[in-house]
Amino acid sequence: MSDAAQLLADLEVFEREAIAAFERARTAEELEAARVEFVGQRRGKFRQLEERFRALPPDGKRQCGRRFNECRQRVRAALESARARLAQPQAKAEPRAAAFDFTAPSLRIRRGTVHPLTQTIEELIDVFGRLGFRLADGPEVEDEWHNFEALNIPPEHPARDPNDNFYIDGQRLLRSQTSTVQIRVMEKQPPPVRIIAIGRVYRPDVHDATHFSMFHQIEGLYVDRHVTLAHLKTVLRQFAQAFLGPEVQIRFRPSFFPFTEPSVEVDMSWDVRGGQWVELGGAGMVDPNVFRAVGYDPEQYSGFAFGLGVERLCMRRHGINDIRLFFENDVRFLRQF
Ligand code: DAH
């Protein structure tokens, strides 16, 4: 958050607290103590805000100036009216309800905002919905069959290492990928399938600007006769352009995932000439072994699948540089969306 935005947020709190303290004062001594605390010349809280205001660069000052003066005036007015109230001899004894001034301007009540990740998820559902993908769902506590086995990840595969997963007991774990939902959907219905699944996944990662032990993925699965890699690329390009703008390009790099063959990493870029590509996630053509695990005939059907990071999409979209901000519940961050 910029210094100016931070100051605006702090002004808000300061104003609310100062006015409440002045209104609460029942005696001249209490009022004086509140005055010193909030607007005292030497150590009052407003002094510090004033110093921070003075330290802002010119455009920060421009951004805060009006609010800053408004706050000063409101707090002063509250102090004056508290003084007037206490100057009346009977005021002290009067019950609080009777002293309430119905004509005073109200404190501003802020409307909440929808969490940026929730906004992103709603948009993803909307964009993929327009491309014909239905929303599917699966549990966050999974068994090894859905998280690994049916996805062609054998017992000795490093992805199954207990140190890299949140196992709950010998058989169950917090899902490490939304690819589990592919299996759950195909087990329940015959082809064709065209679904997305969005939800939380869990990995014991050390938290830093780009890693968190819980994050969100969007998974896609399209199974039918004659589905090809060209369909995959078109769907992902159309998605990227709908979500981030028509100038966005995507590219595939060869990769490996046990549940797709061939497999690719998906990158995207706004300015291809600038050469800055951002990795979005993985994708590929569904491996025949996955089809066999759910009882689909790989000779008749083909399909593509993809898995993208939702936080990464949201961060790209809004220029957010630290994944931890999503989960700290700091309203100064959340309010900006
Ligand atoms: N499940 C993979 C992961 O968590 C991402 C992924 C890659 C999903 C390829 C897919 C896919 O559906 O086809 O890293």
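When a ligand or atom number is given, it counts from 1 through the structure's own listing order. Please read these numbers as outputs of a predicted model, since none were measured by experiment.
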Practice prompt. Would you please test Arg175 and Gln217 for side chain to side chain contact (heavy atoms under 4.5 Å, CB included) and show each step?
Written response: CA-CA 11 Å; Arg175 69 178 177 195; Gln217 286 185 330; over 6 Å; no
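- A salt bridge links Asp169 to Arg172: one of the charged nitrogens lies within less than 4.0 Å of a carboxylate oxygen.
- Taking every heavy atom of Ser179 and a limit of under 4.0 angstrom, the matching atoms of ligand 1 come to 1 (N), 8 (C).
- For Phe337 and His318, the gap between ring centers is short of 6.0 Å.
- The heavy atom nearest to atom 10 (C) of ligand 1, out of those in Glu219, Glu261, Glu265, is found in Glu219.
- Applying the 4.0 Å criterion to heavy atoms of Gln182 picks out, from ligand 1, the atoms 12 (O).
- Ring centroid separation for the pair Phe239 and Phe128 comes in under the 6.0 Å cut-off.
- Among protein heavy atoms, atom 11 (C) of ligand 1 sits closest to Phe259 CE1, 3.5 Å.
- Near Gly284, meaning under 4.0 Å from any of its heavy atoms, are these atoms of ligand 1: 13 (O).
- Neither the backbone nor the side chain of Phe304 comes within 4.0 Å of ligand 1, counting heavy atoms alone.
- More than 12 heavy atoms of other residues, nucleotides or ligands lie within 6.0 Å of CG in Asp224, so this atom counts as buried by the packing criterion.
- Close approach to Thr260 involves these atoms of ligand 1, each under 4.0 Å from a residue heavy atom: 13 (O).
- Below 4.0 Å from some heavy atom of Gln217 lie the following atoms of ligand 1, by number and element: 3 (C), 4 (O).
- Ligand 1 places these atoms under 4.0 Å from at least one heavy atom of Phe257: 7 (C), 9 (C).
- At least one heavy atom of Ala283 sits under 4.0 Å from some atom of ligand 1.
- The closest protein non-hydrogen atom to atom 14 (O) of ligand 1 is Arg203 NH2, 3.8 Å.
- With a 4.0 Å heavy-atom cut-off, ligand 1 is reached by the backbone of Ala305 and by its side chain too.
- The local environment of CZ in Arg203 is crowded, with over 12 non-hydrogen atoms from other residues, nucleotides or ligands closer than 6.0 Å.
- For the residue pair Ser176/Asn147, the side-chain donor-acceptor check at 3.5 Å is satisfied.
- Here the heavy atom of the protein found nearest to atom 2 (C) of ligand 1 is Gln177 OE1, 3.7 Å.
- Residues His146 and Glu187 have side chains that bring a donor and an acceptor to within less than 3.5 angstrom of each other.
- Between Phe46 and Phe14, the distance separating the two ring centers is shorter than 6.0 angstrom.
- Contact annotation: for Arg175 versus ligand 1, there are no heavy atoms closer than 4.0 Å.
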